[in-house]
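First listed ligand is number 1; within each ligand, the first listed atom is number 1.
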Amino acid sequence: MKTVTIVGTQWGDEGKGKITDYLALQADVVVRFQGGNNAGHTIRFEGKKFALHLVPSGIFNSETLNVLGNGMVIDPLALHHELTMLDREGVEVDPEKIIVSDRAHVIMPYHKTLDLMFESLKKKNQKVGTTAKGIGPSYMEKTSRQGMRMIDFIHEERFRKHLTNHLPYINKLLKTFGFETFELRTLLETYAPIQERIKPYVKNTSKIVYDLINDGKKVLFEGAQGTMLCLDHGTYPYVTSSSPTASGIALNTGISPQMIHNVLGVTKAYTTRVGGGYFATEFKGARAEKIRTQGNEFGTTTGRPRRIGWLDVVILKHAKRVNGLTHLAVMLLDVLKGIHPLKICVGYRIDGEIIDDVPAAIDDYEKCEPVYIEMAGFSEDITQVKQYDDLPLNARLYVEKIAELADVGLSMVSVGPDRTQTIVIKELYE
Ligand code: GDP
Ligand code: IMO
Ligand code: MG
């Protein structure tokens, strides 16, 4: 059985949660492999709406195992709150349904303060506009070999030892820049019940997922963020601190790279971005407002209004290359109703030259001006369309043009936020 991977091809919020939930109806296992509660994945079905930040979006299929992989950074308090919220809503969250990697890194409250501190020390136009969830500082500690892993977090003595050794250093840093410090005793008291709550979930997920794939189970990898927020392949330094690409999966879950098969690139029918950093196709004004309103483009995690732009095939081709995209899902097509004409960016003009890839230096990227082609728009409400052929001709021509330019076959088109508003062109589990 081939594995399926879902990755964002843009700057996040492409609709990965919706598609993961949809495919999870068929999957045995859903695995998050990077990021933390900076992610906000929205799922809608049967009149209900959920925003997930840490728990994989397979949780609404009672048959699916949900895995938080070793490449994640996990805030145990946020996980505790999310489990409590799901439990309250009648969703099963026992350790038979959710497992957490013993090697995942932990986010402590001082990581969140450090996140704010690092941002506050930057000049206005240099701010990344992070979600302030402590993601960057936790990954920093991972790579500088100062971090705490889940296996240490759930162990009373190791947890105490880590904080005893580490906290003086953190407090010294915070004090230097005038930020509030943390007390060992308070942290130990706050986290004691959380350690007990999380302990039963913590396992060697690498072995479990590897065995399930070898047993022929249907496994789905759920990316968070998007390719352009990738630490290596995104618009550095305006990125997150992990690798949301398909290449990251083997490392970040502890399976073989040969186990990555179908890779579904999820793209909005236009572009959005939340936080700092240039993107070439951004536009403002009444048309951007119309799209923001029709698409309800406000951050799932922070509530910030998302910035709006035209679809950009330069980044889609970049995403195809760095992820090995085998299929494409075009999301929020319904939102473009009544927008005429539709523009697609097919190249960048820089210093009098036209290029079709993303420059590495951010100041070169900031000089890139989009080169557009125009397509006719559509005026019909498409939110009830169930069959691809029933879409208006101009809507079909638009998505087919995107697939043709990106050179990736269409698998799905989404025409509304609900699970049922999904048009399947090519099945991924066969
Ligand atoms: P994710 O982070 O990639 O999971 O995406 P988010 O959940 O942050 O943002 C996507 C938003 O678009 C959510 O509010 C979804 O409910 C919504 N959504 C997903 N697909 C569609 C669609 O086809 N049409 C519309 N109108 N909304 C959609
Ligand atoms: P999902 O999974 C959109 C952005 C932040 C900021 C940058 C770095 O819902 O698509 P961080 O807190 O990660 O250090 O912030 O990345 N960002 C996202 N934008 N969707 C996300 O996740 C994001 N996760 C991080 O806004 O610009
Ligand atoms: Mg999101």
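- A donor atom on one side chain and an acceptor atom on the other are not found under 3.5 Å apart for T240 and Q225.
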For T130 and D115, what are the C-alpha separation, side-chain angles and deciding distance, and is it a side-chain hydrogen bond (donor to acceptor under 3.5 Å, both in side chains)? CA-CA 8 Å; T130 72; D115 200 345; 2.9 Å; yes
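- Checking side-chain atoms of K337 against main-chain N and O of D381 turns up no donor-acceptor pair under 3.5 Å.
- Of all atoms in ligand 2, numbered sequentially from 1 with element shown, those under 4.0 Å from a heavy atom of W11 are 3 (C), 19 (N).
- Ring centroids of H166 and Y169 are separated by less than 6.0 Å, placing the two rings close together.
- Regarding atom 12 (O) of ligand 2, its nearest protein heavy-atom neighbour is T131 OG1, 2.6 Å.
- For R273, the closest heavy-atom approach to ligand 2 does not fall below 4.0 Å.
- Considering backbone and side-chain atoms alike, S241 places every N or O at 3.5 Å or more from each N or O of ligand 2.
- For G226, the heavy-atom gap to ligand 2 stays at 4.0 angstrom or more.
- In terms of modelled atom types and a separation under 3.5 Å, the side chain of Q10 and the main chain of G226 share no donor-acceptor contact.
- Residue contacts with ligand 2 include V239, since one or more of its heavy atoms lies under 4.0 Å from the ligand.
- Using a distance-only test at 3.5 Å, with no hydrogens or angles considered, a donor-acceptor pair links the side chain of K18 to the main chain of Q421.
- Ion pairing of K367 with D364 is present here, as a side-chain N (NZ or NE/NH1/NH2) and a carboxylate O approach within less than 4.0 Å.
- At distances below 3.5 Å, not a single donor-acceptor pair connects side-chain atoms of T205 with backbone N or O atoms of G69.
- Among all protein heavy atoms, the one lying closest to atom 15 (O) of ligand 2 is T130 CA, 3.4 Å.
- Taking any N or O of A224, backbone or side chain, none lies under 3.5 Å from an N or O belonging to ligand 2.
- Close approach to V128 involves these atoms of ligand 2, each under 4.0 Å from a residue heavy atom: 6 (C), 7 (C), 8 (C), 27 (O).
- Each of S243, S241, S242 was evaluated against Q34; a single residue qualifies, S242, per the side-chain hydrogen bond (donor to acceptor under 3.5 Å, both in side chains) test.
- Looking at H53, its side chain does come within 3.5 Å of a backbone N or O of A39 through a donor-acceptor pair.
- The shortest separation from a heavy atom of K16 to ligand 2 is under 4.0 Å, placing the residue in contact.
- D13 contributes OD1 as its N, O or S atom closest to the Mg ion (ligand 3).
- A salt bridge links K112 with D75: the distance from a Lys NZ or Arg NE/NH1/NH2 to an Asp or Glu carboxylate oxygen falls below 4.0 Å.
- Taking a 4.0 Å cut-off on heavy atoms, K133 fails to register as neighbouring ligand 2.
- Scanning the protein heavy atoms around atom 13 (O) of ligand 2, the nearest turns out to be T240 OG1, 2.6 Å.
- Under the 4.5 Å side-chain criterion, counting only non-hydrogen atoms from C-beta, T281 is not in contact with Y270.
- Judged as a ring pair (Phe, Tyr, Trp, His ring centres under 6.0 Å), the pairs with a partner in residues 56-84 (not counting sequence neighbours) are, in order, F45-F60, F50-F60.
- The protein heavy-atom contact nearest to atom 18 (C) of ligand 2 is L229 CD1, 3.6 Å.
- Within the 4.0 Å heavy-atom cutoff, G8 does not count among the residues contacting ligand 2.
- No side-chain heavy atom of L311 sits less than 4.5 Å from a side-chain heavy atom of K268.
- Within ligand 2, counting atoms from 1 as listed, the ones closer than 4.0 Å to a heavy atom of A39 are 1 (P), 2 (O), 9 (O), 22 (O).
- Residue D13 places a heavy atom less than 4.0 Å from ligand 2.
- At under 3.5 Å, not a single nitrogen or oxygen of G136, backbone or side chain, sits near a nitrogen or oxygen of ligand 2.
- Among all protein heavy atoms, the one lying closest to atom 22 (O) of ligand 2 is Q225 NE2, 3.5 Å.
- Heavy-atom proximity to G40, at under 4.0 Å, picks out these atoms of ligand 2: 1 (P), 9 (O).
- Ligand 1 lies under 4.0 Å from heavy atoms of D13, E14, G15, K16, G17, K18, G40, H41, T42, R44, T300, R306, M331, L332, D334, V335, S414, V415, G416, P417.
- Using a cut-off of 2.8 Å, one finds that G40 contributes an N/O/S atom close to the Mg ion (ligand 3).
- Salt-bridge annotation for E282 and R307: present, with a side-chain N of the basic residue lying under 4.0 Å from a carboxylate O of the acidic one.
- Looking at atom 6 (C) of ligand 2, its nearest protein heavy atom turns out to be G129 O, 3.2 Å.
- Between the side chain of R273 and the backbone N or O of Y278 there is at least one donor-acceptor pair closer than 3.5 Å.
- Aromatic ring pairs are classed by plane angle as parallel below 30°, tilted from 30° to 60° and perpendicular above 60°; the pair H233 and H318 is perpendicular.
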